[in-house]
Amino acid sequence: MTTSLAQWLAAQNVAPELASVVASMAAASAEIAAVLRLAPIAGQTGLAGHTNVQGEAQKELDVVSNDIVLKHLSANANVSILVSEELDEAVHMENQGRYMVATDPLDGSSNLDVNVTVGTIFSVLGVDPTKPDLLQKGSAQLAAGYAAYGPATSLVLTFGTGTSVFTLDGSGQFVLTLDGVKVPVASGEYAINTARERFWDKPTQAYVTENVAGETGAAGKRYNMRWVGSMVADIHRILMRGGIFLYPLDSETVSKGGRLRLLYEANPMALLVEAAGGKSTTGHERILDVQPTGIHQRVPVILGSAEEVSRVEAFYAKA
Ligand code: P6P
């Protein structure tokens, strides 16, 4: 007996209006999945010819995905604000809804032309439509989720207590496949772009050096390294089997505050991981406690299995 996303949402102890916002993001993700499946045939994996506020070359599908999200949210009277990685400014909708969505409509899109898993990441916050506060801490999120467009299309959701996984079925509907994910406390797997080692701060250097030493060093166990280069793919692996994801502040990204964005990458992923029993930190504070200063603010991101994140925090505490 399968449980549909609609049945699961109806059973959650949340406002129906909030559930409808999550349902709109799920519908947008299902539509994006359908576009991605055929993109190579449609010749859509290339560049769109312009850059986003991050100064990154926009893929055609970044723009297409953003338009799909905007279409679904504009049609939901409960959403009044959209913040998107692909839009310089927040979109103030006609709707006077009490919810804001912050999203990376297509994270990891540089992987599209090599058919590697990419995703849609989103965060839902409560707002007063007459004077919306766009810069709320991650701890204020009411819901968070991502779609992972991989061999299967997974939708991973939380309302803050518990994280659940849905899979897109043959009819284009999401069905519940894992209710209550638990990130293993311990893990022997870490995810970091090791080509950036020369830029890393000392705590990151020390942590990775200990992992590489494996059973011959202080960690006392063997480690393996995985780095997809697509946050959604790496985080999904960590949620499913444990591990730790690190994109620390380094000497090259320090001027921008980091690589990954707080409102629509770090915060939603931190809520999903913490709701599954994991931990999240910038190295200096819990990600969900960071006070945003801008809608495209970047932060260092370290999150995953509690034991591993605690090891990294110990190196930062000693620094
Ligand atoms: P690097 C994709 O561009 C992204 O924002 C995340 O999805 C991913 O984890 C990271 O950047 C990859 O960064 O420096 O390895 O290319």
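Remark: Glu252 engages Arg196 in a salt bridge, criterion side-chain N to carboxylate O under 4.0 Å.
Classification of the Phe159-Trp8 ring pair by plane angle, with boundaries at 30° and 60°, yields parallel.
A donor-acceptor pair under 3.5 Å is absent between the side-chain atoms of Thr253 and the main chain of Leu249, judged by distance alone. Of the possible polar contacts, one joining the Asn95 side chain to the Val79 backbone as a donor-acceptor pair under 3.5 Å is found. Using modelled atom types, one side-chain atom of Gln205 and one backbone atom of Glu197 make a donor-acceptor pair closer than 3.5 Å. In terms of modelled atom types and a separation under 3.5 Å, the side chain of Asp289 and the main chain of Ser139 share no donor-acceptor contact. Panel note: side chain His296, backbone Glu89; no donor-acceptor pair is recorded below 3.5 Å. Using a distance-only test at 3.5 Å, with no hydrogens or angles considered, a donor-acceptor pair links the side chain of Ser230 to the main chain of Thr117. Remark: the backbone N or O of Val69 is not paired with any side-chain donor or acceptor of Glu31 at under 3.5 angstrom. Remark: side-chain polar atoms of Asp104 are not paired, donor with acceptor, to backbone N or O of Tyr264 under 3.5 angstrom. The backbone N or O of Asp169 lies less than 3.5 Å from no partner atom in the side chain of Gln173, so there is not a single donor-acceptor pair.
Taking CG of Asn267 as the start and OG of Ser123 as the end, the distance is 6.0 Å to the nearest 0.5 Å. Note that OH of Tyr247 and CZ of Arg298 are 9.5 Å apart. Values are rounded to the nearest 0.5 Å. Here the CH2-OG1 distance, from Trp227 to Thr194, works out to 9.5 Å after rounding to the nearest 0.5 Å. Atom CG in Leu262 sits 12.0 Å away from atom CD1 in Ile295 (nearest 0.5 Å). We find the OG-CD distance between Ser65 and Glu60 to be 10.0 Å, quoted to the nearest 0.5 Å. In this structure, Ser280 OG and Met269 CE are separated by 12.5 Å, a value rounded to the nearest 0.5 Å.
Looking only at side-chain heavy atoms (C-beta outward), Val301 and Met231 come within less than 4.5 Å of each other. In this structure, the side chains of Val181 and Met240 come closer than 4.5 Å at one or more pairs of heavy atoms.
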Can you check side-chain hydrogen bond (donor to acceptor under 3.5 Å, both in side chains) on Gln7 and Ser4, steps first, answer last? CA-CA 5 Å; Gln7 290 167 326; Ser4 71; 3.3 Å; yes
Go through the steps for Gln12 and Val22 under the test side-chain contact (heavy atoms from CB on, under 4.5 Å), then give the verdict. CA-CA 12 Å; Gln12 303 309 300; Val22 171; over 6 Å; no
Stepwise side-chain contact (heavy atoms from CB on, under 4.5 Å) check, Val273 with Lys279: CA-CA 7 Å; Val273 165; Lys279 288 183 73 174; over 6 Å; no
CA sep, side-chain torsions, deciding dist, call: Tyr149, Thr120, side-chain hydrogen bond (donor to acceptor under 3.5 Å, both in side chains): CA-CA 8 Å; Tyr149 309 113; Thr120 297; 2.6 Å; yes
When you look at Met225 and Val212, which way does the side-chain contact (heavy atoms from CB on, under 4.5 Å) test go after all the steps? CA-CA 9 Å; Met225 207 289 282; Val212 170; over 6 Å; no
With side-chain contact (heavy atoms from CB on, under 4.5 Å) as the criterion, how do Leu176 and Ser164 come out once you've worked through the C-alpha distance, each side chain's angles and the decisive distance to 0.1 Å? CA-CA 8 Å; Leu176 183 64; Ser164 295; 4.1 Å; yes
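Between Ser154 and Val165, the closest heavy-atom pair is CB-CG1, 4.4 Å. The two atoms that bring Lys221 and Ser187 nearest to each other are NZ-O, 2.9 Å, heavy atoms only. Between Tyr207 and Ile244 the shortest heavy-atom distance is OH-CG2, 3.2 Å. Contact record, Ala143 with Leu271: C-CD2, 4.2 Å, taken as the closest heavy-atom pair. Across every non-hydrogen atom of Leu73 and Met93, the tightest pair is CB-CE, 3.7 Å. Nearest heavy-atom pair across Ala19 and Val14 is CB-CG2, 4.1 Å.
A side chain to side chain donor-acceptor pair (under 3.5 Å) with Ser84 holds for exactly one of Asp62, Thr103, Asn66; it is Asn66. Exactly one residue among Ile81, Val127, Leu142, Leu125 makes a side-chain contact (heavy atoms from CB on, under 4.5 Å) with Tyr99. That residue is Leu142.
Lys202 NZ: 12 or fewer foreign heavy atoms inside a 6.0 Å radius.
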